Participant: 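Below is one structure. I have some questions about it.
For clarity, every value in this text was computed on a predicted model and none was experimentally measured. Sequence positions, counted from 1, serve as the residue numbers for this chain.
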Amino acid sequence: LIGVDNSEEMLKKANKYLAKQTELPDVDLWCEDIVNVPFENASVVILNYALQFIPIKDRTPLLRRIREAMRPGDALILSEKLVFSDDGLNTYFNNLHYEFKRQQGYSDLEIAQKRAALENVLVPETRETHQKRMRRVGFTHSEIWFQSLNFASLIGIA
């Protein structure tokens, strides 16, 4: 297994977690920008909340490279924050998410600071946009298999 993150701090946390596990296969952690990672024999690729931080123009080429490294039947699991065409629904789901954060102990100031830090950095897209892109690069199937509020995980089959 290969894990990729561009944050040394996140990789340190992952290594601490992995060190406590007793029955795991070999795991290599790379500190890289995912757009620069070479893919080969990629039977399962999991992109958890990563694509939304990549410039839109670079998203299709990245998914194309991933798909080209797969054989028929291999899978991409793509988890992302979604945006909806209905602004009222976006507001509703965002408010529910902020309430969840409050229940987890975050202050209104912390929530506002996080929201401001992600403005124009995290660029979510619609489910339909993700599915069209996945089909365009060669995935034969693409469907949501899990969703909570405006956070969803799609599976694409090569």
Participant: Please check if the side chain of D33 supplies one atom and the backbone of N36 the other of a donor-acceptor pair under 3.5 Å.
Facilitator: no
Participant: If every non-hydrogen atom of P25 is compared with every non-hydrogen atom of L1, which pair is closest and at what distance?
Facilitator: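 Scanning both residues, the minimum pair turns out to be CG-CD1, 3.7 Å.
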Participant: Please report the shortest heavy-atom distance between R65 and V37, naming the atom on each side.
Facilitator: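 For R65 versus V37, the nearest heavy atoms are NH1-O, 2.8 Å.
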Participant: Does the distance from a Lys or Arg side-chain N to an Asp or Glu carboxylate O, for K81 and E125, drop under 4.0 Å?
Facilitator: no
Participant: Find the distance between OG (S142) and CZ (R133) and round it off to the nearest 0.5 Å.
Facilitator: 11.0 Å
Participant: When you measure from the side chain of S148 to the backbone N and O of F151, does any donor-acceptor pair fall under 3.5 Å?
Facilitator: no
Participant: Is the closest side-chain heavy-atom distance between N150 and N90 below 4.5 Å?
Facilitator: no
Participant: Determine whether a donor-acceptor pair (N or O, by modelled atom type, separation under 3.5 Å) exists between the side chain of E80 and the backbone of Q52.
Facilitator: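 Confirmed, E80 side chain pairs with Q52 backbone.
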Participant: Using modelled atom types and a 3.5 Å cut-off, is there a donor and acceptor pairing between side-chain atoms of S153 and backbone atoms of F146?
Facilitator: no
Participant: Using every non-hydrogen atom in the two residues, find where T126 and L82 come nearest and quote the distance to one decimal.
Facilitator: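 The answer is C-CD2, 4.2 Å.
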Participant: Using the side chain to side chain contact (heavy atoms under 4.5 Å, CB included) rule, take I56 and V123 through it: C-alpha gap first, then chi angles, then the decisive distance, then the call.
Facilitator: CA-CA 8 Å; I56 290 176; V123 182; 3.8 Å; yes
Participant: Using a 4.5 Å cut-off on heavy atoms from C-beta on, say whether the side chain of E143 contacts that of Q131.
Facilitator: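 SC-SC contact between Q131 and E143 confirmed.
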Participant: Quick check against the 3.5 Å criterion: does R67 have a side-chain atom that pairs as donor or acceptor with the backbone of G138?
Facilitator: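 Checking the backbone N and O of G138 against the side chain of R67, a donor-acceptor pair under 3.5 Å is found.
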Participant: Just wondering, do W145 and L154 contact through their side chains at under 4.5 Å, heavy atoms?
Facilitator: no
Participant: With hydrophobic residues grouped by side-chain heavy-atom distances under 4.5 Å, do I77 and I144 end up in a single group?
Facilitator: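 I77 and I144: separate clusters.
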Participant: Check the pair K114, L118 against side chain to side chain contact (heavy atoms under 4.5 Å, CB included), reporting the backbone distance first and the verdict last.
Facilitator: CA-CA 6 Å; K114 178 76 169 192; L118 293 176; 3.8 Å; yes
Participant: Considering non-hydrogen atoms only, spot the tightest contact between I155 and M134 and give its length.
Facilitator: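 Distance-wise, the nearest heavy atoms are C-CE, 4.0 Å.
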Participant: If only atom types and distance count, is the side chain of E110 paired as donor or acceptor with the main-chain N or O of S107 below 3.5 Å?
Facilitator: yes
Participant: If every non-hydrogen atom of V45 is compared with every non-hydrogen atom of A42, which pair is closest and at what distance?
Facilitator: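 That would be CG2-CB, 3.6 Å.
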Participant: Is there a continuous path of hydrophobic side-chain contacts, each under 4.5 Å between heavy atoms, that joins L62 to M70?
Facilitator: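 Same cluster.
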Participant: Are any of the side-chain heavy atoms of F53 and V121 separated by less than 4.5 Å?
Facilitator: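 When only atoms from C-beta onward are counted, V121 and F53 do touch, with a gap below 4.5 Å.
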Participant: Kindly check if the number of other-residue, nucleotide or ligand heavy atoms within 6.0 Å of OH (Y92) is above 12?
Facilitator: no
Participant: Quick check on the hydrophobic clustering: are Y17 and L29 connected, directly or via other members, by side-chain heavy-atom contacts under 4.5 Å?
Facilitator: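 Looking at the clustering, L29 is in the same group as Y17.
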Participant: Is the shortest side-chain heavy-atom distance between E32 and N6 below 4.5 Å?
Facilitator: no
Participant: Between the side chain of N15 and the main-chain N/O of K12, is any donor-acceptor distance below 3.5 Å?
Facilitator: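 Judged by distance alone, no pair lies under 3.5 Å.
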Participant: May I ask you to test the L63-L51 pair for a side-chain heavy-atom distance under 4.5 Å?
Facilitator: yes
Participant: Walk me through whether N48 and S79 qualify under side chain to side chain donor-acceptor pair (under 3.5 Å).
Facilitator: CA-CA 5 Å; N48 278 333; S79 302; 3.0 Å; yes
Participant: About how many Å separate NZ of K16 and NZ of K20, when rounded to the nearest 0.5 Å?
Facilitator: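 NZ of K16 is found 8.0 Å from NZ of K20.
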Participant: By side chain to side chain donor-acceptor pair (under 3.5 Å), which residues pair with D108, not counting sequence neighbours?
Facilitator: R102
Participant: Please determine whether residues Y49 and I46 belong to a single hydrophobic cluster, defined as Ile, Leu, Val, Met, Phe, Trp and Tyr linked transitively by side-chain heavy-atom distances below 4.5 Å.
Facilitator: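 In one cluster: no.
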Participant: Under 4.5 Å between side-chain heavy atoms, counting indirect links through other Ile/Leu/Val/Met/Phe/Trp/Tyr residues: same cluster for V35 and W30 or not?
Facilitator: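 V35 clusters together with W30.
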Participant: Any side-chain donor paired with an acceptor under 3.5 Å for N94 and R115?
Facilitator: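 Short answer, no.
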Participant: Carefully, step by step, assess F100 and Q104 under the rule side chain to side chain contact (heavy atoms under 4.5 Å, CB included).
Facilitator: CA-CA 6 Å; F100 170 77; Q104 302 306 307; 3.3 Å; yes
Participant: Hey, are the side chains of N41 and R71 touching, using non-hydrogen atoms and a 4.5 Å cut-off?
Facilitator: yes
Participant: For atom CD of E128, decide whether the heavy atoms of other residues, nucleotides or ligands shown that lie under 6.0 angstrom number more than 12.
Facilitator: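 Atom CD in E128 is crowded, with more than 12 foreign heavy atoms closer than 6.0 Å.
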Participant: So, F84 versus F93, ring centres under 6.0 angstrom or not?
Facilitator: yes
Participant: So, taking the atom named NZ in K57 and the one named CZ in R59, what distance separates them when rounded to the nearest 0.5 Å?
Facilitator: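 Those atoms lie 11.0 Å apart.
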Participant: Hey, mind stepping through L47 and L76 against side chain to side chain contact (heavy atoms under 4.5 Å, CB included) and telling me if it holds?
Facilitator: CA-CA 8 Å; L47 290 175; L76 167 69; 4.2 Å; yes
Participant: Counting N and O atoms only, with roles assigned by atom type, does the side chain of R135 sit under 3.5 Å from a partner on the main chain of H141, one being a donor and the other an acceptor?
Facilitator: no
